[in-house]
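Take a look at the structure below.
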Protein chains: 2
Amino acid sequence: MGLNTALISIDVVAFRMASGQLQLLTRKLGGLHMLPAGRIEPELDNCLDETARRQLSSLSHQQVAYLEQVETIGSPDRDSRGWSITVVYYALMTHEDNPWWAEDAEWVGISEGELDISLAYDHKRLVIQALERLKNKIQYSSLPVYLLPEEFTLSDIQKVFTTLLEKAPPMRSIRNRFLREDLLVDTGKLRRGSNRPAALYRVKEQSPTCLFDRLYLTTQQ
Amino acid sequence: MGLNTALISIDVVAFRMASGQLQLLTRKLGGLHMLPAGRIEPELDNCLDETARRQLSSLSHQQVAYLEQVETIGSPDRDSRGWSITVVYYALMTHEDNPWWAEDAEWVGISEGELDISLAYDHKRLVIQALERLKNKIQYSSLPVYLLPEEFTLSDIQKVFTTLLEKAPPMRSIRNRFLREDLLVDTGKLRRGSNRPAALYRVKEQSPTCLFDRLYLTTQQ
DNA sequence: GGAATAGTGTCTATAAGACAATATCCT
DNA sequence: AGGATATTGTCTTATAGACACTATTCC
């Protein structure tokens, strides 16, 4: 007589940046898009984080850069069978070239905070909540780097802001903040284009997520 | 065949300030102290917040000044019956003189982050997590006012800091921050003692919790 | 050289911290 | 007057923002 997991769902809002666009990971089942979600497997999971990670690893073999619980909601109305509970997580991933992806996995775009497609159930609301959290947290933490590939330039960090918010902080502020902390390592490599090459940085080994003591002001709406 | 709530618990970490001390609300059952906690009542509750509030209103008729979800934890070990889930909330209350209190309600002291008594189950861990959240959030929000009575002085706000953290920000900074925002109203009244009287303020009607864009620096350990 | 983006120098603005100086009550 | 706490004035410090300027690449 253990926990009945039937009406308890773990839903994951997974974001990535691909070609300058914010994207959301969905499962497409019978034409309907929904969030990766599932039940606790008492035999497999030792905590809710593991349940959330399992939802993602069933869709891809790609590593999750960042995972955080957003909120747990419960109500009598959200599921037609009655009272149900949903634990919402959000995940940040890197856009990688050829990891394995499940048949039904599909990344959909988010442009100006609006999803390109519609989602089943109340999943749109969950995405909006997770996105709010993300948009707020990038302003005082090192979260932007978790949306970027292993090696990135400081302008890439700025690009994360322009993609997620209307306005990005000035490069001066981004450089000062990220280089002041002992958070990034200069790889010595350069990214070349039809312009002055940019220094490629990587996150220092085992750096925890860095929390700064101020928000950027330019990013407040 | 609705939600089986047997292994889902809503636990509330309720704090108040009384005579310069931070206190935690507990239920004392057979000599054991535990957090106010209970199950979802599908017939009564429309969301988890309501379940949390119900735990408190069964112990007292006093109003809750602030309520926030901390985290949901799940694991196979915390309950001997197997996998269980706990949604943790924290609440801030004012110390009032004579509201009704249930027989088994008991406020216990927290001194330098250490509980004066021990708690059943893993409730100590939940309190520590909630306290961490609170200690962090008072540094960039108007939360301190929710631990104070309806009318309070600016020094009272500083007292909240000294009680919760080792160090308080200077009065200058507290005054500037709280008076800059259109958050408090000068009641015109004064609190008298054997010294210069202090102006009594109250929170402006229907002010939402105010979030500032910086942390105090003096309060970082 | 010109376009394009990277990176620096430097001044301003804002808000916190330090600390001294007043102010206003009580006894 | 003296003690006590409240309140203000003002200077310093830290970091973000604005913006002009320089640097380095490709073409």
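Below, chains carry the letters A, B, ... as their sequence lines are ordered, and counting in each starts from 1. From a predicted model like this one, the values you see are computed outputs, not experimental measurements.
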Less than 4.0 angstrom from a charged side-chain N to a carboxylate O is my criterion; do A/Arg16 and A/Glu96 meet it?
no
Would the distance check show the side chain of B/Gln55 and the main-chain N or O of B/Ile10 forming a donor-acceptor pair, the cut-off being under 3.5 Å?
no
CZ of B/Arg177 versus P of C/dT14: gap in Å, rounded?
17 Å
Worked check of salt bridge (charged side-chain N to carboxylate O under 4.0 Å, His left out) between A/Arg27 and A/Asp104:
CA-CA 5 Å; A/Arg27 296 186 63 181; A/Asp104 56 351; 2.7 Å; yes
To the nearest Å, how far apart are B/Leu217 CG and C/dA15 P?
14 Å
Whether A/Glu68 and A/Arg133 form a salt bridge (side-chain N of Lys/Arg under 4.0 Å from carboxylate O of Asp/Glu) is what I want to check.
yes
With DNA chain D as reference, determine whether A/Arg192 or A/Tyr216 sits nearer its 5' end, using the nearest nucleotide of each.
A/Tyr216
Do A/Val88 and A/Gln129 come within less than 4.5 Å of each other through their side chains, counting heavy atoms only?
no
Could you tell me how far apart A/Leu215 (CG) and C/dT14 (P) are, to the nearest whole angstrom?
17 Å
Please state how far atom CD in B/Gln158 lies from atom P in C/dA16, giving the value in whole angstrom units.
14 Å
Hey, does the side chain of A/Glu166 reach the backbone of A/Thr162 with a donor-acceptor pair shorter than 3.5 angstrom?
no
Does the distance from a Lys or Arg side-chain N to an Asp or Glu carboxylate O, for A/Lys189 and A/Glu151, drop under 4.0 Å?
yes
B/Arg214 or B/Lys167, whichever maps to the more 5' nucleotide of DNA chain C:
B/Arg214
Could you encode protein contacts along nucleotides 2-10 of chain C as a string, one character per nucleotide from 5' to 3', using B for base contact, S for sugar-phosphate-only contact and - for no contact, with a heavy-atom cut-off of under 4.0 Å?
--BBBSBBB
For B/Pro144, the option from B/Thr163, B/Val160, B/Leu164 that meets side chain to side chain contact (heavy atoms under 4.5 Å, CB included):
B/Val160
Can you give me the first and the last nucleotide of DNA chain D (5' to 3') that has an atom within less than 4.0 angstrom of a non-hydrogen atom in chain B?
D/dG3 to D/dT10
